[in-house]
Each structure stands twice: as structure tokens, then as C-alpha cells.
A.B. asks: 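Below you will find the structure I want to go over with you.
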Amino acid sequence: MPELPEVETICRSLKPHILNKVIADMAVFWPEALVGGGMPDATNPSDTNPGNTNLVDADLDRDELAFPASHIVGRTVVNLSRRGKYLLVDLSKGVTLLIHLRMTGQLIYHDTPQIVANIAKHTHVIFYFEEGEMHYVDPRKFGRIQIVRTLDVPSLLEKLGPEPLDEFFEFDALGLRLAERHKTASIKSALLDQEVVAGLGNIYTDEVLFAAGVRPNRPVQDLKASEIILIHQAIREILAESIDFQGTTFRDYRDANGKVGKYKKSLKVYGRNGKTCIVCKTKLISEKIAGRVSCYCPNCQQ
DNA sequence: CACTAAACCTGGGAGC
DNA sequence: TGCTCCCAGGTTTAGT
């Protein structure tokens, strides 16, 4: 579900509710949603291993590590931020919740206590504040909330590529990353690589490549500098525009207030397979590239 | 190195 | 209505 604009929207909509608030209690219905350390990895058993080296607090013992609530309850939310598709919730005394929502994860804030009958199916964790509560919901159970030391966050995320909306993200940095990591690979798969640039997923790569007029299966090494410039511009413009519309809701995505994103109406190719190109009226084509369905205009994108 | 498939999961839509 | 099959916004690992 959430790509950069959606995670950014969740971050912004959550902030006024929980910043500077104390986590008074928490309820865990599916413990595997909480991970003790290391990079979040649903398939790696060592992430739930108490012997993992990237532990929460250096002075915590094994027994404490079996109960993640002990690192969270009583701490204050001191900052919320986003890096790529990760949401970072900094707590007092040096603990951070490093959250990746993967496909269907949601963080929904409720002002008032929710009675059991109103708790959504697939709610895995509830964080209770003095007033209000934050629900972590994830039908497909791909997402993870990783409890780490704040000081370990930079090293945990060091492999991520540059923030595309950062003012210092220039086209030549994108070109360099593409050249370093991908040569014969398609531009589609290269842009999905979080180490090239952080935050793009299947929706926005398709939209970016349409805006840049570049066909998704083009090998990176064949791209002209002028095309890299167009791709770089498109990344920044489309992500910023989508944030202005609170992201894209196809099915599951909601912000912290449960609201859908409105950028879906602005999508020009993603999900429009078989429909006509809004520029030239050519029928849009869908093709599997890099294991993901890609939709593009065979006329506008060469 | 580059690419593919599979794995992690559930639910929705299409087709019969 | 109900069944089966296929698909899905992400990421990592294993295999070719």
C-alpha cells in the first residue's frame, strides 16, 4: 500500500494526535508485528531472536526483551518523521519505533476509547494514550513495528537511497546511483530499488515514467542524460503533488484519521490498463516488468 | 550480476 | 450464492 506520499501523509496526520503524548498502555494481539532489532524482515527468524545484537537498550536483559511493552509504556512521543517508506516514532529515553507498513498496514488514531465491537478486524497492536488510542491494523501481516535504540536508526537505514524531495537531491545523484547499481536492468526495476532513491513503489514509478516519456523496460544504460533529468523532475513533482492530495487510495490505504487519499483521480497510467492515454488517446498497455505489472503508453513512452 | 520465483498473508474481484 | 482461481501498493532470500 503505502509509498512515500502515503507514509508522509500518515506522519503528518498522526503528529498532532500523538506528539508529546505519553503512551499509557498497549495491547498486543499479534506479537509478531513487533520486532526486537535489526532490519525489519518478516522472513528472517533472527529478528525475533532475543540474542540479536541490535537490541533495544544495551542494559536490557533477556526476560525484559520478551515483553516489548516494557520499552514503550510510560515513554513520551518526542518526534515523528519519515525516511523513504519508513515511519519513525521517536520515544523518550532513546527508543524509536521503526515502522514499515508494507502492503496493507494502517495506523489509525481514535479520539475516544473504542469498544471491542468497534475494533477493526486485523488490529494487531493498540497504543493507548491518556486520551485516545492508536491502532495498528494490517490484514496481510507484512508490516512490522521494530523497537530499536534511536542511536541505531541511522545505521539501520544507511542503505536507503536519497530522499527524493530533499532540496539537495539533484539529477546527477540519481544518474550516479543508477549507473552504479544498474546497467542492463530496466529503469522500472531500478527506480523500485530503494537504494537508488527511497520511497518509490509500483504506482509512482509508473506515473514518473509516463511523465518523463520513458518506457519502463528501457535498460538504464541506454538512457540519455536528458531522460534522467526528466525522470528526476517527474519524481519530485509527482511525489509532491500526491502529498498535496494526501496520497493514493486504491483499496486499503487510509491516513491516521481514517481518510482516503485523493490522488487516484490524478493517476495517468497506473491502474488504467486498456483505457486511453490522456495525452494521445492511444490504448495503454500493461506488461510485467521486474516482476511487477507496469502500465504505460506505447506512443508517449519510447 | 541480473533476473525470476517464492515466501510472508488475507481479501476482493472475476469467472463459472 | 458459492466455489475456485488469480491478483494486489513491499521486501528479502534462494535459485537460475
Side-chain angles (χ1 to χ4, degrees), chain A residues 1-10 29-33 35 38-48 82-87 98-107 120-124 136-146 156-157 159-161 178-208 216-222 238-239 242-243 245-255 260-264 266-267 269-274 286-295:
Chain A
M1 141 225 287
E3 305 180 30
L4 186 150
E6 291 76 35
V7 180
E8 179 65 28
T9 301
I10 290 169
F29 305 106
W30 187 60
E32 285 157 77
V35 177
M39 285 299 277
D41 176 4
T43 61
N44 184 353
S46 70
D47 274 352
T48 53
R82 178 196 58 73
R83 175 79 173 94
K85 298 174 190 171
Y86 289 89
L87 181 68
L98 188 56
I99 302 173
H100 199 303
L101 299 169
R102 294 284 177 97
M103 301 278 264
T104 55
Q106 301 177 336
L107 285 167
K121 199 174 175 183
H122 308 299
T123 299
H124 304 314
Y136 172 68
V137 183
D138 185 9
R140 287 178 73 178
K141 295 183 172 175
F142 287 175
R144 290 294 183 270
I145 298 176
Q146 195 179 6
L156 288 169
L157 300 182
K159 285 184 129 185
L160 280 182
L178 287 171
E180 278 174 356
R181 290 190 50 83
H182 299 273
K183 293 186 176 72
T184 61
S186 66
I187 183 64
K188 166 89 183 191
S189 67
L191 291 178
L192 286 171
D193 182 348
Q194 301 299 297
E195 297 182 29
V196 168
V197 56
L200 292 175
N202 207 28
I203 295 177
Y204 295 106
T205 48
D206 276 11
E207 294 299 311
V208 162
N217 63 2
R218 289 271 302 283
V220 168
Q221 61 190 357
D222 293 351
I238 287 170
L239 294 180
S242 181
I243 291 171
F245 283 79
Q246 294 85 46
T248 303
T249 295
F250 250 82
R251 176 183 290 175
D252 302 293
Y253 169 69
R254 300 290 186 278
D255 74 6
V260 300
K262 297 185 288 293
Y263 192 70
K264 183 169 187 255
S266 303
L267 296 179
V269 285
Y270 181 84
R272 298 193 67 245
N273 177 36
S286 169
E287 188 183 335
K288 202 149 192 170
I289 300 166
R292 314 292 296 279
V293 170
S294 303
C295 197

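This one's a predicted model, so the numbers in the text were calculated from it and none came from an experiment. By convention in this document, chain letters (A, B, ...) are assigned in the order of the sequence lines, proteins followed by strands, and residues within each chain are numbered from 1. Every heavy atom of this structure was used, including side-chain atoms; hydrogens, water molecules and symmetry mates were not.
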A.B. asks: By the definition side chain to side chain contact (heavy atoms under 4.5 Å, CB included), identify the one residue from A/Asn217, A/Asp206, A/Thr205 that meets it with A/Ile289.
C.D. replies: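 Exactly one option meets the side chain to side chain contact (heavy atoms under 4.5 Å, CB included) with A/Ile289, and it is A/Asn217.
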
A.B. asks: Can you tell me which nucleotide in B/dC8, B/dC3, C/dA8 comes closest to the side chain of A/Phe142?
C.D. replies: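 My answer, after comparing the listed nucleotides, is B/dC8.
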
A.B. asks: Distance between the C1' atoms of B/dC8 and C/dT4, in whole angstroms?
C.D. replies: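 Comparing C1' positions in B/dC8 and C/dT4 gives a spacing of 22 Å.
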
A.B. asks: Roughly how far apart, to the nearest Å, are C/dA8 and B/dT4 at atom P?
C.D. replies: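 Rounded to whole Å, the distance is 15 Å.
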
A.B. asks: Looking only at the side chain of A/Thr184 (C-beta and beyond, no hydrogens), which of the listed nucleotides C/dT11, B/dC3, B/dT10 gets closest?
C.D. replies: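 My answer, after comparing the listed nucleotides, is B/dC3.
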
A.B. asks: Could you tell me how the ring of A/Tyr204 sits relative to the ring of A/Tyr263: parallel (under 30°), tilted (30 to 60°) or perpendicular (over 60°)?
C.D. replies: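 Rings of A/Tyr204 and A/Tyr263: tilted, as their planes differ by 30° to 60°.
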
A.B. asks: Under 30°, 30 to 60°, or over 60°: which ring-plane class applies to A/Phe250 and A/Tyr270, parallel, tilted or perpendicular?
C.D. replies: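 Ring orientation, 0 to 90° scale: perpendicular.
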
A.B. asks: Sequence neighbours left out, what passes ring pair (Phe, Tyr, Trp, His ring centres under 6.0 Å) with A/Phe29? Give chain and number order.
C.D. replies: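 For A/Phe29 there are no ring pair (Phe, Tyr, Trp, His ring centres under 6.0 Å) partners, ignoring immediate neighbours.
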
A.B. asks: Let me know the distance between CG of A/Asp138 and P of B/dT10, rounded to the nearest Å.
C.D. replies: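 Taking CG of A/Asp138 and P of B/dT10, I get 10 Å after rounding.
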
A.B. asks: Tell me the interatomic distance from A/Met103, atom CE, to C/dG10, atom C1', rounded to whole angstroms.
C.D. replies: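 Atom CE in A/Met103 sits about 6 Å away from atom C1' in C/dG10.
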
A.B. asks: Could you tell me the separation between the CZ atom of A/Arg82 and the OG1 atom of A/Thr9, rounded to the nearest 0.5 Å?
C.D. replies: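 Between A/Arg82 CZ and A/Thr9 OG1, I get 9.5 Å after rounding to 0.5 Å.
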
A.B. asks: So, using side-chain hydrogen bond (donor to acceptor under 3.5 Å, both in side chains) as the criterion, who are the partners of A/Arg218 when residues are at least two apart?
C.D. replies: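 Checked A/Arg218 against side-chain hydrogen bond (donor to acceptor under 3.5 Å, both in side chains); matches are A/Glu227.
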
A.B. asks: Please name all residues satisfying side-chain hydrogen bond (donor to acceptor under 3.5 Å, both in side chains) with A/Ser186, sequence neighbours left out, ordered by chain then number.
C.D. replies: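 Counting only residues at least two positions away or on another chain, A/Ser186 forms a side-chain hydrogen bond (donor to acceptor under 3.5 Å, both in side chains) with A/Ser189.
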
A.B. asks: Write down the distance separating the P atoms in B/dA5 and C/dC7, rounded off to the nearest Å.
C.D. replies: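 Per the computed distance, 12 Å lies between those P atoms.
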
A.B. asks: Under a 4.0 Å heavy-atom cut-off, which of residues 188-202 of chain A touch DNA chain C?
C.D. replies: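 The stretch gives A/Gln194, A/Gly201, A/Asn202 as the residues lying under 4.0 Å from the strand, ordered by number.
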
A.B. asks: Go ahead and write out DNA chain C as dot-bracket, 5' to 3': ( ) for pairs within the strand, [ ] for ones crossing earlier pairs, | when the partner sits on another strand, dots for unpaired; Watson-Crick or G-U wobble, both distances under 3.5 Å.
C.D. replies: .|||||||.|||||||

A.B. asks: Tell me every residue that passes side-chain hydrogen bond (donor to acceptor under 3.5 Å, both in side chains) with A/Arg292, counting only those two or more places apart in sequence or in another chain.
C.D. replies: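 Counting only residues at least two positions away or on another chain, A/Arg292 forms no side-chain hydrogen bond (donor to acceptor under 3.5 Å, both in side chains).
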
